[in-house]
Novice: 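The structure's right below; bear with me while I get my questions together.
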Amino acid sequence: MTKGNTCGIAGAGIMGRLTGYLLAKKGWRVTLFDDGDLAATGSTSYAAAGMIAPYCELEYAEPVVARLGNPSLAMWQKLLPQIGGDVYCQAAGSLVISHPQDRAELMRLVRKMDEHTGDLVMQRVEGAGLRELEPDLDDAFMDGLYLPLEGQIDSRRLLVVLGEWLQKYATLNLGVHVRSVDDGRIDTAIGGFDFDMALDMRGLKGKTQLPALRGVRGELVWVHAPEVRLNRPVRMMHPRYPIYVVPRPGGQFILGATAIDDEDLSPISVRGTLELLSAAYAMHSGFSEGRVIETITQCRPAFPNNLPRIRHGGRLIRVNGLYRHGYLFSPKMAELVISLMEGGKPDAAFAELYEGHS
Amino acid sequence: MWRLGGKELSSRFFIGTARYASPDIMRQAIEASGAEVVTVSLRRYGSGKWDSNAFLNLLKEMKLHILPNTAGCYSVKDACTVARMAREVFGTDWIKLEVIGDDYNLQPDPFGTVEAAKILIKEGFEVFPYMTDDLVFAERLLDAGCKVLMPWAAPIGSGRGLANPHALKTFRSRFKDIPCIIDAGLGKPSHAAAAMEMGFDGVLLNTAVSLARDSVAMARAFAMAIEAGHKGYQAGLMPEREFATPSTPVVGTPFWHQEKK
């Protein structure tokens with residue numbers, strides 16, 4: 001396929017918006033459909049904390065997650081200035097800490113990282129080294145891991161900036177429900193549309209056409225705590241749940257996230273709230289005077305192996321199952337999808353992600 | 001084949017369903033373990049929409065005996081409520097009763113466990129109580145009507161193995177006619193083999209498999225260890241001795257080979 005061809009994208013979360021942006025830049029005529037709004041309120045992408053932490057995620061994921069996420073931070077750093085809109089991006093690494101009694105959990109992560117062969121850079125930090133990175137961290141934390149190649153982006157700002165860009169240089173149909181996506185065709189509440197290529201990037205909303213998808217509930221809390229100073233995302237090991245605190249400009253912090261295998265969008269549970277807030281408080285007592293400004297519940301779309309999938313056939317590509325890694329995976333995933341659209345072969349380095357390619 | 005709680009089983013491996021890298025890996029690990037009984041916590045799936053829960057449906061499809069547990073319950077009332085919910089959801093009277101007394105090491109509350117066991121047994125449940133190796137605790141559970149005992153080897157998820165082998169040996173010999181299953185604390189296949197060599201009827205574990213680098217291979221390794229330990233127990237382990245004794249009789253050995261060097 002060549003430039004000037006039309007592409008319809010169902011779903012305007014981070015995957016749909018970023019792919020739409022990249023295709024439009026390459027000269028495709030792009031049309032997006034989504035029942036959400038410009039900010040993507042209520043989507044999984046909106047709920048996310050925007051961490052770019054491919055190595056931390058090794059705790060509960062297969063090595064391909066790190067390989068897929070590895071180029072992500074550099075790709076975002078290159079892309080964001082091009083997209084414009086001054087999207088906050090931090091590349092100050094991330095820190096993983098544990099209470100002395102949970103050291104075994106930290107050691108387990110170290111072992112998993114040691115086994116990973118890639119560009120992983122990990123530094124063990126103790127005592128003074130840890131204080132140097134995060135001077136305000138509670139004294140109870142004696143050692144941790146510093147992962148200098150990790151970072152975070154302001155995911156909500158990015159969604160808006162991409163949305164505005166697409167409104168200008170593509171067609172972004174918001175508030176439009178997508179019924180189905182088939183070979184070169186997107187059927188919506190405002191009619192059916194034909195394209196040279198149809199992309200189904202609807203997340204859980206695409207479940208009717210991808211029945212293996214399931215929702216994994218996650219809960220997050222936004223806190224405004226101007227007393228607390230953290231220089232980078234900090235993840236805390238715990239025998240039963242990993243918890244991270246992501247600092248954002250203006251004294252805001254995102255505390256996340258639980259992972260409950262249930263497709264449940266009801267408000268945050270008391271237990272979830274307690275777990276997140278008590279972990280943050282243990283990290284830094286300054287959180288006690290913080291203000292809870294928002295709580296979020298959302299379901300991440302996941303396949304049974306918790307890995308994303310690219311299903312390709314004819315004039316249709318479905319991309320789904322990005323699970324808890326929307327911002328981590330989308331740059332590389334978009335690249336893989338666009339390569340297929342331009343007649344390329346599936347990337348052998350990620351063979352396990354492709355399905356039905358002929 | 002052996003019988004437990006009114007069911008015929010061939011495997012002595014009971015496996016947990018928490019903390020796998022993905023549902024796919026969990027399914028493969030369970031298959032590799034050969035386990036016929038899986039334990040699952042309802043607490044973790046809190047919305048009440050059980051029928052549409054993809055994870056629970058996957059377990060149901062695997063055609064295993066489901067042993068629901070009351071993990072995360074700290075009171076008698078809580079544990080009983082979760083047990084009744086589990087009976088509805090899975091259509092089984094089996095319940096692995098956990099009443100936690102200590103938040104950090106997840107040690108059972110003996111008083112609450114006995115009280116909950118009494119209530120649930122009256123309601124027709126087959127109670128599998130999670131407990132320590134305390135003999136009095138065990139006696140009280142048997143008085144309450146439990147027909148199975150599940151002492152821990154060490155705290156849940158600790159991977160420390162048989163923390164007090166002497167207590168477990170005593171436990172086994174005291175309750176020799178009661179099915180006893182080691183529940184929690186095992187980290188290595190050799191731990192499971194050691195428990196089975198003591199004559200325990202089965203082993204329940206989760207973390208050692210789910211958090212292994214290769215959960216599927218580890219499930220297989222534990223299955224082999226459990227079988228080896230059990231076979232060893234059945235075959236009759238030789239008694240330990242203080243000194244070396246030659247396994248070949250010295251009679252008939254040329255005297256120059258018997259000479260001290």
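Any value given below was found using the heavy atoms of this structure, including those in side chains, with hydrogens, waters and symmetry copies removed. Because the structure is a prediction, the values reported are computed rather than measured. The sequence lines fix the lettering, A, B, ..., with proteins before strands; numbering per chain opens at 1.
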Novice: Please report the interatomic distance CG(Leu211(B)) to NZ(Lys112(A)), rounded to the nearest 0.5 Å.
Specialist: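 That separation rounds to 7.5 Å.
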
Novice: Return yes if some donor-acceptor pair links the side-chain N/O of Asn305(A) with the main-chain N/O of Ser22(B) below 3.5 Å, else return no.
Specialist: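 No.
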
Novice: For atom CD of Gln107(B), decide whether the heavy atoms of other residues, nucleotides or ligands shown that lie under 6.0 angstrom number more than 12.
Specialist: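 It does: Gln107(B) CD has more than 12 such atoms within range.
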
Novice: For atom CE of Met107(A), decide whether the heavy atoms of other residues, nucleotides or ligands shown that lie under 6.0 angstrom number more than 12.
Specialist: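 Correct, the count exceeds 12.
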
Novice: Assess the residue pair Leu58(B) and Arg214(A) against the criterion (side-chain contact (heavy atoms from CB on, under 4.5 Å)); give the C-alpha distance rounded to whole Å, side-chain angles, the decisive distance to 0.1 Å, and a yes or no.
Specialist: CA-CA 11 Å; Leu58(B) 169 74; Arg214(A) 74 185 201 288; over 6 Å; no

Novice: At a heavy-atom separation under 4.5 Å, does Ile156(B) approach chain A through its side chain, its backbone, both, or neither?
Specialist: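 Contact with chain A involves no heavy atom of Ile156(B) at all.
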
Novice: Return yes when atom NZ of Lys188(B) has more than 12 non-hydrogen atoms of other residues, nucleotides or ligands closer than 6.0 Å, and no otherwise.
Specialist: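 No.
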
Novice: Side-chain contact, heavy-atom cut-off 4.5 Å: Asn53(B) with Glu263(A)?
Specialist: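 SC-SC contact between Asn53(B) and Glu263(A) ruled out.
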
Novice: Tell me, yes or no, whether the heavy-atom count around Arg160(B) atom CZ, taken from other residues, nucleotides or ligands under 6.0 Å, exceeds 12.
Specialist: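 Not more than 12 within 6.0 Å, no.
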
Novice: Take a 6.0 Å sphere around CE of Met85(B) and say whether it holds more than 12 heavy atoms from other residues, nucleotides or ligands.
Specialist: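 Yes, CE of Met85(B) has more than 12 neighbouring heavy atoms, counting only those of other groups under 6.0 Å.
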
